Amino acid sequence: MSKTRGPTGILDAVDHVFSLVAAACMMLIMLVVVADVVMRYFFAMPLAWSYDVISLYLMVGMFFFGVSDTLRENGHIGIDILQRSMPAPMRHVGEAAGYLLSAMVTAAIGWLAFQRSLSAWQNDEALSGAYLWPTWIALVPVVIGGLLLTLRNLLLTATHLRDAFGGAQSVDHAPTPNLEERI
Amino acid sequence: SPAMAQQTKLRVADSFPAGHYVVEYGTKPWMDEIKRLTNGKVDFEYYPAEQLGKAKDLLSLTQNGVADIGYVAPAFVTDKLPLSTVAELPEAFNTSCAGTNAYWQLVKPGGILDKREIGPAGMRVLWTMVLPPYQLYMGKTGIEGIDVVKGKKIRTTGAAKELAIRKMGAVPVQIPTPDVLEALSRGTVDGMLFPHSSVLSYDLQNTVKSATVGENLGSFVITYMISKRKWDQLPADVRDAMDKAGETINHNACEKTDRDEAADIERLKKAGVTMVHLPDAESAKLKDMLSSVSKEWADNLDKRRLPGSEVLAAFQQALKDGK
Amino acid sequence: MVALGGISILFLMLAFGLPVAFAMAVSGAAGLLMIGGVDMVMGILETVPFSTANSYEMITIPMFILMAEFVILSGVANDLFAAAAKWVGRVPGGLGMATAVAGAGFGAISGSSTAAAATLSSTSIPAMLEQGYEPKLAGGVVAISGTLAMLIPPSIALVLYGIIADVSIGALLVGGIIPGILVTLTIVLTVYLLVIQDRSRAPAGRSYTLREKFASLKVCGAMILLFSGVTGTIYAGIATPTEAAGIGAFGAFLLALRSGNLTAGTLRAALVRAVHATAMILMIMLGAHVFGTFFTLTQITQELVHWVGSLDVSPWVIMALILFGYVLLGCVMDQIAILILTVPVVLPVVLSLGFDPVWFGVIVVITAEVGMVTPPMGLNVFVVARYTGRPLEEIFAGVMPHVVAHLILIAALTAFPQIITWLPSTMRY
Ligand code: NA
Ligand code: NA
């Protein structure tokens with residue numbers, strides 16, 4: 001993790017913390033699947049809650065708690081062939097516009113999830129399986145992920161605007177994915 | 001031209017694959033009937049097979065206008081429509097039409113589910129179908145009596161049917177439908193609750209040994225809904241046409257389905273599946289076991305200050321009235 | 001017109017290098033705005049994000065990714081090359097062939113092509129260079145052998161295709177086995193032909209005693225155990241793909257634990273890397289769902305299927321054009337993005353022409369393999385270049401003969417589709 005100060009540093013730290021929560025969800029999914037299989041094959045007692053807990057909470061948590069940290073790491077793939085042949089200011093303006101539009105979309109995602117979660121909480125909504133699963137909790141990661149993505153997109157917008165007009169071209173913000181993380 | 005200006009275009013969305021019987025008996029005839037009744041004034045854009053969204057999202061997508069008319073299965077949205085699953089309980093009906101006619105009394109405009117749950121969600125039911133009740137299938141054993149399921153792993157879906165499995169002393173297992181074939185043959189599950197027609201459409205007839213006939217171990221509810229917002233925008237004659245077409249389809253679709261059920265049972269017999277009419281004593285024992293399922297369902301909703309008992313009583317009354 | 005607007009925004013954003021996921025979400029949202037106004041955009045953005053992640057069968061992807069992380073951590077893969085080299089090291093080009101075999105072995109326990117290329121880079125390239133191999137040949141065979149991991153099960157690419165196309169994931173994974181072996185043999189044969197053509201490219205290596213050879217097989221035990229634990233159980237019908245993926249990840253976790261390389265720090269790093277890779281894929285799927293809904297509402301896919309059906313050409317000509325298009329796309333785009341972006345549009349056409357969806361999934365993944373090593377966007381070549389410090393051009397040149405060989409194999413598999421569809425048809429249910 002880079003040790004940047006200021007708002008960027010704070011956002012980096014927050015993203016990092018949530019990525020660890022996402023990592024915990026990942027580990028739990030593995031353990032629950034194995035436990036479920038063992039209980040079913042050897043004890044004829046499948047875990048009645050595994051299906052719902054994994055799909056409703058752990059998968060959603062793993063994705064939305066980890067998605068912003070992935071953007072921080074430039075982990076979302078792009079196509080950089082054309083971009084490399086563009087004049088730098090033009091490229092930065094284009095990217096700034098793109099990240100601003102992305103921020104609008106992710107803000108809408110977070111806000112809509114917030115409203116849905118709030119109304120689910122107020123109306124006591126729950127999915128009924130072997131147990132009653134409150135749906136507002138399942139939506140919390142979407143709210144947080146949407147918020148963090150929006151902040152990260154706005155930060156990228158600001159950085160590209162600064163680079164387009166400020167002249168400081170020290171950092172290359174083009175997507176350079178972490179090769180080791182790719183499949 | 002003025003005729004063109006009056007043309008109404010509606011997006012219909014569901015999750016059924018091409019050729020599915022619900023579509024052939026319900027969705028398509030319903031659209032044709034509307035076109036006929038309005039002399040082609042209404043035109044449909046039909047999006048099958050989850051093209052507009054997953055089955056569990058179709059209520060939301062219809063509420064917020066992505067689709068105008070959507071397939072809503074209450075079992076997929078128990079957080080939004082918990083009361084509307086009442087017809088999935090193991091109650092006293094054993095044909096699609098008996099269930100459908102009774103359920104329609106609850107969801108039609110002015111019915112208790114329309115007033116207490118579907119209307120408040122901003123929706124209106126256009127037509128509905130309650131599937132023929134699910135039966136018990138065993139993979140490798142016969143069904144001499146109902147005790148054969150004790151301690152066995154039975155694949156099922158939905159809260160009410162899961163509860164029913166528990167009441168019978170068996171273990172409910174959740175497996176996606178496409179995986180059932182594998183699960184049965186390798187013994188991950190010993191049996192399942194399934195409608196006869198789905199056994200044939202998922203090609204399971206050679207993997208199962210025996211099945212009950214004429215019992216009710218729970219069912220599945222299909223509705224097509226429109227948002228009230230869209231409904232209010234429709235011209236009066238189109239709304240009339242929808243009301244008329246709804247009554248027709250409710251009646252025709254379940255009847256065709258029940259007729260198929262009888263044919264399916266014959267096909268299953270031919271495929272070597274032992275189709276079991278439980279002896280009266282065993283059948284009574286099963287009904288006794290399952291009698292508390294509905295009550296528990298209603299009590300749990302009552303506890304959440306939802307009119308569970310009231311809705312259940314209304315459904316039971318409608319079943320009696322229909323006989 | 002509306003369709004053109006949405007697609008233009010997509011291409012513009014892609015050209016500026018924005019992440020594919022966000023480019024699709026933004027252009028899809030803009031298209032929905034044009035079709036149905038703010039309500040429609042909001043309606044989709046309210047349901048799609050949660051729905052994308054809220055899926056049980058999707059866990060196959062993170063579990064296969066996690067399995068790959070633990071396999072790397074366990075170090076099991078490092079010994080694969082050494083073992084293969086002992087068996088074929090003395091044949092002309094033996095170390096090159098051993099690289100292909102080790103790539104297949106790695107692919108049998110991991111679904112990650114880049115991880116395979118990285119592992120092979122660190123083990124087999126130094127050995128080949130030390131023996132006097134032409135660097136071009138060495139880099140090329142490593143880059144192409146790495147791609148085997150996305151074809152031989154467990155394969156994340158095949159799972160992804162299965163989810164998008166709604167095709168049996170078990171059948172797809174099993175369908176990857178025979179083509180995987182054929183691709184391995186193709187690489188071996190290509191190396192052999194290159195060396196026959198010019199013996200100086202690959203000096204002969206030393207020979208090993210039979211005892212040394214059998215001793216080297218010890219490392220294969222863990223590999224075979226893991227392979228049968230995942231692919232074997234799927235084939236035999238003992239486990240569903242989701243179960244097998246979870247068990248595979250856990251098995252690799254135990255191997256990592258046994259190796260002593262598993263600490264709180266390495267575990268955390270492996271988990272976070274797996275989270276990043278999963279989030280990247282799910283975010284593209286989210287964007288693709290938004291864009292896909294827009295695209296569906298324009299009814300272009302239906303018209304495309306209709307149009308193709310009305311053409312008076314042989315289905316084989318259309319299939320050739322489709323595959324050619326995939327090879328071209330593979331030059332400039334990421335393989336995962338290609339799958340998610342194109343399969344929903346192309347598959348209905350392919351099915352309407354009467355082709356088998358399992359066959360098509362495997363063929364698309366083999367063309368994706370080619371895309372991993374073609375310039376200018378050739379991920380595996382980037383990995384090899386980074387690990388070895390050799391110039392990109394050299395490795396792109398070295399892999400070219402393999403690309404040609406792959407294309408010939410694709411043509412053969414298209415002419416005889418039963419090579420792919422036979423094994424899945426024998427699966428025990
Ligand atoms: Na693999
Ligand atoms: Na490429």
Side-chain angles (χ1 to χ4, degrees), chain A residues 29 32-60 63-64 105 108-143 146, chain B residues 54 56-57 59-60 63-64 74-86 88-89 117 120-122 149-166 169-176 179 183 186-190 293 296-298 300-301 303-306 308:
Chain A
I29 291 175
V32 171
V33 170
V34 172
D36 190 27
V37 170
V38 169
M39 291 303 284
R40 187 160 72 218
Y41 276 93
F42 300 106
F43 303 97
M45 275 168 50
L47 307 175
W49 45 267
S50 66
Y51 194 94
D52 291 317
V53 166
I54 286 177
S55 58
L56 203 54
Y57 301 126
L58 294 178
M59 268 302 279
V60 178
F63 174 42
F64 284 100
V105 170
I109 290 172
W111 173 246
L112 291 164
F114 173 72
Q115 285 183 320
R116 223 173 124 186
S117 178
L118 190 67
S119 99
W121 181 65
Q122 283 165 343
N123 299 327
D124 228 354
E125 285 171 14
L127 281 164
S128 43
Y131 306 88
L132 274 182
W133 307 106
T135 44
W136 72 268
I137 301 176
L139 287 156
V140 168
V142 190
V143 179
Chain B
K54 292 187 191 171
K56 62 185 171 186
D57 289 332
L59 172 63
S60 285
Q63 280 171 324
N64 55 36
F76 296 155
V77 284
T78 50
D79 54 335
K80 302 281 181 195
L81 305 176
L83 297 166
S84 299
T85 57
V86 65
E88 305 199 347
L89 295 168
E117 187 164 87
V149 298
K150 281 243 164 66
K152 293 289 196 301
K153 289 167 282 183
I154 306 294
R155 185 266 179 181
T156 190
T157 51
K161 290 192 278 295
E162 253 181 54
L163 193 55
I165 291 296
R166 286 217 176 78
V171 184
V173 178
Q174 287 181 324
I175 291 174
D179 291 347
R186 70 187 193 226
T188 303
V189 295
D190 305 303
V293 171
E296 242 171 74
W297 175 88
N300 284 335
L301 288 163
K303 265 185 238 152
R304 294 163 64 196
R305 285 191 226 111
L306 295 166

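The model shown is predicted, which means the values in this text are computed figures rather than measured ones. Chain identifiers are assigned alphabetically (A, B, ...) following the order of the sequence lines, protein sequences preceding nucleic acid strands; residue numbering begins at 1 within each chain.
- Contacts of A:Y41 with chain B are made by side-chain atoms alone, with heavy-atom separations under 4.5 Å and no backbone atom involved.
- Between B:K153 and A:R40 the shortest heavy-atom distance is NZ-O, 3.6 Å.
- Listed here is the closest heavy atom pair of A:D124 and B:R304: O-NH2, 3.4 Å.
- Contact of B:R166 with chain A is made through the side chain alone, with heavy-atom distances under 4.5 Å.
- The side chain to side chain contact (heavy atoms under 4.5 Å, CB included) test with B:D79 singles out one residue from A:N123, A:T135, A:L132, and that residue is A:T135.
- Heavy atoms only, all atoms of each residue included: A:S128 and B:A159 are closest at O-CB, 3.6 Å.
- Between A:P46 and B:P172, the closest heavy-atom pair is CG-O, 4.1 Å.
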